[in-house]
Engineer: 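Take a look at the following structure, please.
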Number of protein chains: 2
Amino acid sequence: MNIYDVSKKAGVSIATVSRVLNGNANVSDKTKNKVLVAMKELDYTPNIFARGLGLNTMKTIGIMCSDSSDTYLANAVYYLEQELRRHNYDSILCCTGQDSETKKKYLDLLISKRVDGIILAGSQFVLNQPGSDNRYILNAAKEVPIVLANGFLPGKNIYSVMCNDTAAVYDATSRLIAAGRRQIVYLYTSTSYSGMNKLKGYKNALSDAGIPLREEWTHLCTKNIQRAKDYLNTLYDKGISFDAVVTSDDSLAVGAVKYAYEHRIAIPEQLQIIGYNNSVLANCTEPELTSIDSKVEQLSVKAVNILMQVLSGHDVPAENIIAADIIKRNTTNF
Amino acid sequence: MNIYDVSKKAGVSIATVSRVLNGNANVSDKTKNKVLVAMKELDYTPNIFARGLGLNTMKTIGIMCSDSSDTYLANAVYYLEQELRRHNYDSILCCTGQDSETKKKYLDLLISKRVDGIILAGSQFVLNQPGSDNRYILNAAKEVPIVLANGFLPGKNIYSVMCNDTAAVYDATSRLIAAGRRQIVYLYTSTSYSGMNKLKGYKNALSDAGIPLREEWTHLCTKNIQRAKDYLNTLYDKGISFDAVVTSDDSLAVGAVKYAYEHRIAIPEQLQIIGYNNSVLANCTEPELTSIDSKVEQLSVKAVNILMQVLSGHDVPAENIIAADIIKRNTTNF
DNA sequence: TTGTAAGCGTTATCAC
DNA sequence: GTGATAACGCTTACAA
């Protein structure tokens with residue numbers, strides 16, 4: 001069942017069938033109809049491989065993420081896929097885990113599959129430590145455009161969409177300070193670009209308010225409820241007091257709520273808590289979490305739109321910022 | 001950069017290059033090396049489209065799910081992708097939403113993309129209502145093997161992997177009864193095959209214990225914390241008392257915890273609660289949720305393995321059952 | 001407006 | 001063990 005069968009049935013050449021297939025204008029309505037009827041009768045489906053061979057594109061975008069079961073990334077993947085499909089692109093999903101060799105391997109794999117572009121979802125792909133090597137991304141960008149959804153890397157054919165994390169955390173922290181809090185703990189899960197920006201927001205807020213930073217107040221913590229609780233317990237045991245907790249992820253904030261529950265500390269009276277990502281978790285605790293909404297949907301849609309623009313040859317800014325919101329619930333009283 | 005360039009550089013024919021590429025035994029080590037060197041020097045990558053055209057396969061599996069941002073499905077998608085990649089298959093992700101026309105459309109789309117098989121993740125694809133039409137799946141199965149991950153539909157070239165939901169809910173409910181509870185509410189989110197099986201487990205447990213079923217005790221509810229809480233509040237307002245809640249999804253159980261909190265009802269003393277899926281949500285509440293672990297990972301791995309077996313021509317049972325576990329936390333006291 | 005024919009880069013089937 | 005060469009099913013100049 002191929003284009004020849006259709007052409008025979010319709011009594012035209014394969015070129016004409018191809019034209020109909022591709023919506024080429026230079027076909028009379030009459031022949032077009034003949035062809036369409038023939039297609040329907042034969043239940044014809046164009047062979048995607050042959051088409052790919054000629055056009056060297058499959059209308060497919062590679063989505064890479066470290067772990068699609070993570071709440072934030074799961075949402076990102078969902079919105080990315082939806083938006084891509086709206087533009088008639090398929091999505092090949094690729095979950096890499098954290099290992100940097102694997103990330104490189106899968107990026108190469110996607111390119112060898114001739115995807116039209118790649119979206120790196122999440123901040124885990126750009127290495128931020130001094131001396132770390134992001135050449136694997138730069139190299140990949142020589143082949144296809146790359147969009148970082150919630151990440152940043154300067155480079156040719158690389159486009160970044162990020163949330164203004166620094167401003168968001170700065171704002172959240174400042175509100176706590178305005179509400180009279182002076183001993184604010186900041187728990188974070190990642191030293192990625194996004195992670196460091198959030199941390200910067202916290203530090204700036206403290207410093208602008210003239211509050212000296214205490215080392216134990218900031219802590220790099222596995223993304224895990226129990227770990228966050230454990231660390232706060234350590235502070236408790238050491239007698240280091242605090243009256244607010246800001247976190248880079250809702251799960252850590254849930255840990256803070258649990259910590260308070262264990263020690264019968266009143267929220268928000270004695271302890272205010274702010275999470276990040278405004279995920280389902282924020283609705284699960286009692287009281288419910290105030291959380292920074294990092295606008296995954298908006299960010300994902302933007303990422304796709306930028307890629308679409310690039311693919312259709314338009315010029316696009318390499319850096320794109322989305323504004324975060326703070327969603328007020330009951331772990332704060334501002 | 002193609003097979004001809006390599007063959008020229010290596011001083012052999014394209015057939016030989018192709019043999020090396022495909023690990024064909026009939027090549028001397030010497031020529032094989034020449035070819036490999038040439039490939040490396042030219043940084044050659046085989047064209048996937050041309051290969052697909054010849055072989056009519058892309059080593060790609062379509063994963064369909066209604067909503068990959070749902071916690072359960074996000075996990076399923078994650079494990080499916082991992083396991084498929086372990087078998088050197090790519091995954092095309094397809095989120096369909098709930099609309100049944102869209103499901104059909106995307107299923108056809110995947111087939112027109114010439115995927116080698118399709119995994120339908122979640123119980124939302126097989127329609128269970130009387131008179132509903134699952135022909136779209138049966139038709140698709142004429143083209144490629146279809147595996148239902150957590151679903152069931154008898155049919156040629158269709159394979160089902162499911163959790164023994166009935167037994168799991170029966171067991172959970174029975175334990176509550178054994179612990180002295182007599183007024184057990186069951187909240188559920190779906191009337192899918194899996195959803196009805198869970199409900200059956202609840203009903204059987206009651207009936208086996210000689211407890212007459214009260215209509216208000218069972219309620220079909222949107223998968224949403226607030227909705228669950230609202231319904232329990234309705235019961236409260238009507239004066240319909242209950243001493244335990246079993247749910248088909250952790251989110252509903254979180255709603256029950258919140259309900260208890262609002263009315264200062266002690267958990268588990270006055271109200272015992274059991275969730276389903278053993279998701280992160282179970283760790284967020286205070287007390288933490290006892291939850292039925294539906295073994296997504298095991299189920300996903302099994303689904304992929306079955307598909308791999310089918311693709312390599314083996315005979316596989318069409319029905320496959322995974323046993324659920326109950327994870328005891330602090331919303332129950334058995 | 002339509003048709004012919006030359007690619008596209010593999011795999012597979014023959015010969016040798 | 002190796003090399004020609006014919007598919008595979010489409011797109012796209014170029015001709016008519």
Side-chain angles (χ1 to χ4, degrees), chain A residues 1-39 41-60 88 90 109 111-116 143 311, chain B residues 1-39 41-60 88 90 109 111-116 143 311:
Chain A
M1 172 61 49
N2 59 26
I3 204 170
Y4 289 91
D5 300 322
V6 177
S7 75
K8 207 169 294 171
K9 181 127 199 158
V12 298
S13 74
I14 59 161
T16 302
V17 177
S18 178
R19 284 188 195 102
V20 173
L21 223 44
N22 295 287
N24 188 310
N26 287 334
V27 189
S28 73
D29 280 356
K30 201 178 137 205
T31 36
K32 186 171 175 175
N33 269 333
K34 276 197 301 187
V35 172
L36 288 174
V37 166
M39 283 180 177
E41 280 185 3
L42 293 172
D43 194 22
Y44 163 78
T45 325
N47 182 306
I48 198 99
F49 301 131
R51 173 175 268 175
L53 187 55
L55 297 177
N56 207 36
T57 159
M58 275 279 244
K59 297 269 268 177
T60 301
N88 285 314
D90 285 327
L109 182 85
I111 287 172
S112 80
K113 295 278 175 175
R114 301 287 205 278
V115 294
D116 301 297
E143 309 290 331
L311 288 177
Chain B
M1 173 61 50
N2 59 25
I3 205 169
Y4 288 92
D5 300 321
V6 177
S7 76
K8 208 170 291 169
K9 182 127 196 159
V12 297
S13 74
I14 60 159
T16 302
V17 177
S18 178
R19 284 188 194 102
V20 172
L21 221 46
N22 295 286
N24 187 312
N26 286 335
V27 189
S28 71
D29 280 357
K30 201 178 138 205
T31 35
K32 185 172 176 176
N33 269 331
K34 276 198 303 190
V35 172
L36 288 174
V37 167
M39 283 180 177
E41 279 184 4
L42 292 173
D43 196 21
Y44 163 78
T45 325
N47 183 306
I48 198 100
F49 301 131
R51 175 174 266 175
L53 186 55
L55 298 176
N56 206 38
T57 161
M58 274 281 243
K59 297 269 270 179
T60 301
N88 286 312
D90 285 328
L109 182 85
I111 286 171
S112 81
K113 295 278 176 175
R114 300 289 206 276
V115 294
D116 301 296
E143 310 290 330
L311 289 176

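Quick note on labels: first sequence line is chain A, next is B, and so on, each numbered from 1.
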Engineer: Hey, can you pull the residues of residues 28-36 of chain B with a non-hydrogen atom under 4.0 angstrom from DNA chain D?
Structural biologist: B:Ser28, B:Thr31
Engineer: With sequence neighbours excluded, tell me which residues meet salt bridge (Lys or Arg N to Asp or Glu O under 4.0 Å) with B:Lys59.
Structural biologist: none
Engineer: Check side chain to side chain contact (heavy atoms under 4.5 Å, CB included) between B:Asn56 and all other residues, then give those that pass, not counting sequence neighbours.
Structural biologist: A:Asn47, A:Phe49, B:Arg114
Engineer: Using atom CG of B:Asn26 as one end and atom C1' of D:dG3 as the other, report the distance to the nearest whole Å.
Structural biologist: 13 Å
Engineer: Can you sort out the partners of B:Lys113 under side chain to side chain donor-acceptor pair (under 3.5 Å), two or more places apart, ordered by chain and number?
Structural biologist: A:Asp90
Engineer: What residues, two or more places apart in sequence or in another chain, satisfy side chain to side chain donor-acceptor pair (under 3.5 Å) together with B:Ser7?
Structural biologist: none
Engineer: Output every pair passing salt bridge (Lys or Arg N to Asp or Glu O under 4.0 Å) with a member in residues 44-54 of chain A, not counting sequence neighbours, ordered by first then second residue.
Structural biologist: none
Engineer: Estimate the overall bend of the helix from C:dT1-D:dA16 to C:dC16-D:dG1 from the end axes over five pairs each, rounded to 10 degrees.
Structural biologist: 30°
Engineer: To the nearest angstrom, how far is B:Asp5 atom CG from C:dG9 atom C1'?
Structural biologist: 11 Å
Engineer: How many angstroms lie between atom CG of B:Asn22 and atom CG of B:Leu55, to the nearest 0.5 angstrom?
Structural biologist: 7.5 Å
Engineer: Would you mind building the protein contact string for nucleotides 9-16 of chain D? One character per nucleotide, 5' to 3', B for base within reach (heavy atoms under 4.0 Å), S for sugar-phosphate only, - for untouched.
Structural biologist: BBBBB---
Engineer: Quick one: side chain to side chain donor-acceptor pair (under 3.5 Å) partners of B:Ser28, sequence neighbours excluded?
Structural biologist: B:Thr31
Engineer: Is there a side-chain polar atom (N or O) of B:Ser13 under 4.0 Å from OP1 or OP2 of D:dA4?
Structural biologist: no
Engineer: Any salt bridge (Lys or Arg N to Asp or Glu O under 4.0 Å) involving residues 8-22 of chain A? Give me the pairs, sequence neighbours left out, ordered by first then second residue.
Structural biologist: A:Lys9-A:Glu41
Engineer: With sequence neighbours excluded, tell me which residues meet side chain to side chain contact (heavy atoms under 4.5 Å, CB included) with B:Asn2.
Structural biologist: B:Tyr4, B:Asp5
Engineer: Can you sort out the partners of B:Asp116 under side chain to side chain donor-acceptor pair (under 3.5 Å), two or more places apart, ordered by chain and number?
Structural biologist: B:Thr57
